[in-house]
Amino acid sequence: MLRRLYDWTMGLAAHRHAEPSLFAVSFIESSVFPIPPDVMMIPMILARRARAWAIAAIATAGSVLGALLGYWIGAVLMGSVGQWVLTAYGKQGAFDDLALRFAEYGGWAVLIAALTPFPFKVITIFSGAVGLSLPLFIVTAVIGRAARFFVVAALLWRFGPPIRDFIERRLGLVFVLFMAALIGGFAAVRFL
């Protein structure tokens, strides 16, 4: 089953609508969607290594613009949509405590969440809800997301064939490691 899913994903990665789809996934992942854009970005780069930098730029642009949507949700719609997202991640009761910590460490939180598997949308919504400086938010989101996506692109561009071979030979292990990182990011939200 994993092999068919992998082959299907690699086929989609080479599709003519792959890049607009990556932009859309990157955009909504930063505000409400739980699946990171890496799921699309990695196979896209493995399928077309020459486009690695363009693919990373698309993911970065979509993610930062989506982060602004998350910020807006927190700033304007916290009572409805924002509260719904926070409830989905189990953070509805911790808002006041997090707001106090965000006043001091908000820029660092945005940067760390942008670089890691931590659910970025939680931080984008909190940033808007507590009124984190918008210029600080944008700068840290751009730096963090660009660093994350361009490092992945650089590694895949440089070591693409061996990485692709490793993934194809150890698909089960790669899937387990990816799921562990994803679940670990969501579990980290519980400890904020």
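- Partners of Tyr71 under the ring pair (Phe, Tyr, Trp, His ring centres under 6.0 Å) rule, at least two apart in sequence or in another chain, are Phe137.
- Legend: salt bridge (charged side-chain N to carboxylate O under 4.0 Å, His left out) pairs involving residues 133-143, not counting sequence neighbours: none detected.
- Residues forming a salt bridge (Lys or Arg N to Asp or Glu O under 4.0 Å) with Arg49 (at least two apart in sequence, or on another chain): none.
- Take Ala61 and apply the side-chain contact (heavy atoms from CB on, under 4.5 Å) test, not counting sequence neighbours, and it matches Phe23.
- Among all heavy-atom pairs drawn from Leu22 and Met41, the shortest one is CD1-N, 4.0 Å.
- Every pair passing side chain to side chain donor-acceptor pair (under 3.5 Å) that includes a residue from residues 58-68 is listed here, sequence neighbours excluded: Ser30-Ser63, Ser63-Arg145.
- Residue Leu65 holds its CG atom at 13.5 Å from CD1 of Ile28, rounded to the nearest 0.5 Å.
- Listed by first and then second residue, the side chain to side chain donor-acceptor pair (under 3.5 Å) pairs that reach into residues 126-137 come to none, sequence neighbours excluded.
- Residues meeting the side-chain contact (heavy atoms from CB on, under 4.5 Å) test with Ala109, sequence neighbours left out: Phe102, Ile123.
- The distance from the CD1 atom of Ile73 to the CG atom of Leu68 is 11.0 Å, given to the nearest 0.5 Å.
- To the nearest 0.5 Å, the span separating CZ on Phe149 from CD1 on Ile45 amounts to 10.0 Å.
- Residues Ala153 and Ala52 share a closest heavy-atom pair of CB-O, 3.6 Å.
- Listed by first then second residue, pairs satisfying salt bridge (charged side-chain N to carboxylate O under 4.0 Å, His left out) with a partner in residues 60-80 number zero, not counting sequence neighbours.
- Interatomic distance, CD1 of Ile55 versus CE of Met44, reported as 4.0 Å (0.5 Å rounding).
- Between Arg148 and Ala114, the shortest heavy-atom distance links the atoms CD-O, 3.3 Å.
- Among pairs with a residue in residues 51-60, those fulfilling salt bridge (charged side-chain N to carboxylate O under 4.0 Å, His left out) read Glu19-Arg51, at least two apart in sequence or across chains.
- Separating the CD1 atom in Ile112 from the CZ atom in Phe120 is a distance of 12.0 Å, to the nearest 0.5 Å.
- No option in Val139, Leu132, Leu134 other than Leu132 meets the side chain to side chain contact (heavy atoms under 4.5 Å, CB included) test with Leu136.
- Listed by chain and residue number, nothing satisfies the side-chain hydrogen bond (donor to acceptor under 3.5 Å, both in side chains) test with Thr124 (two or more places apart in sequence, or in another chain).
- The shortest non-hydrogen separation linking Leu111 to Thr140 is CD1-O, 3.8 Å.
- Considering CD1 of Ile125 and CE of Met78, their distance stands at 7.0 Å, rounded to 0.5 Å.
- Annotation: ring pair (Phe, Tyr, Trp, His ring centres under 6.0 Å) contacts of Trp53 (sequence neighbours excluded): Trp157.
- Qualifying side-chain contact (heavy atoms from CB on, under 4.5 Å) partners for Val142, counting only residues two or more places apart in sequence or in other chains: Val64, Ile138.
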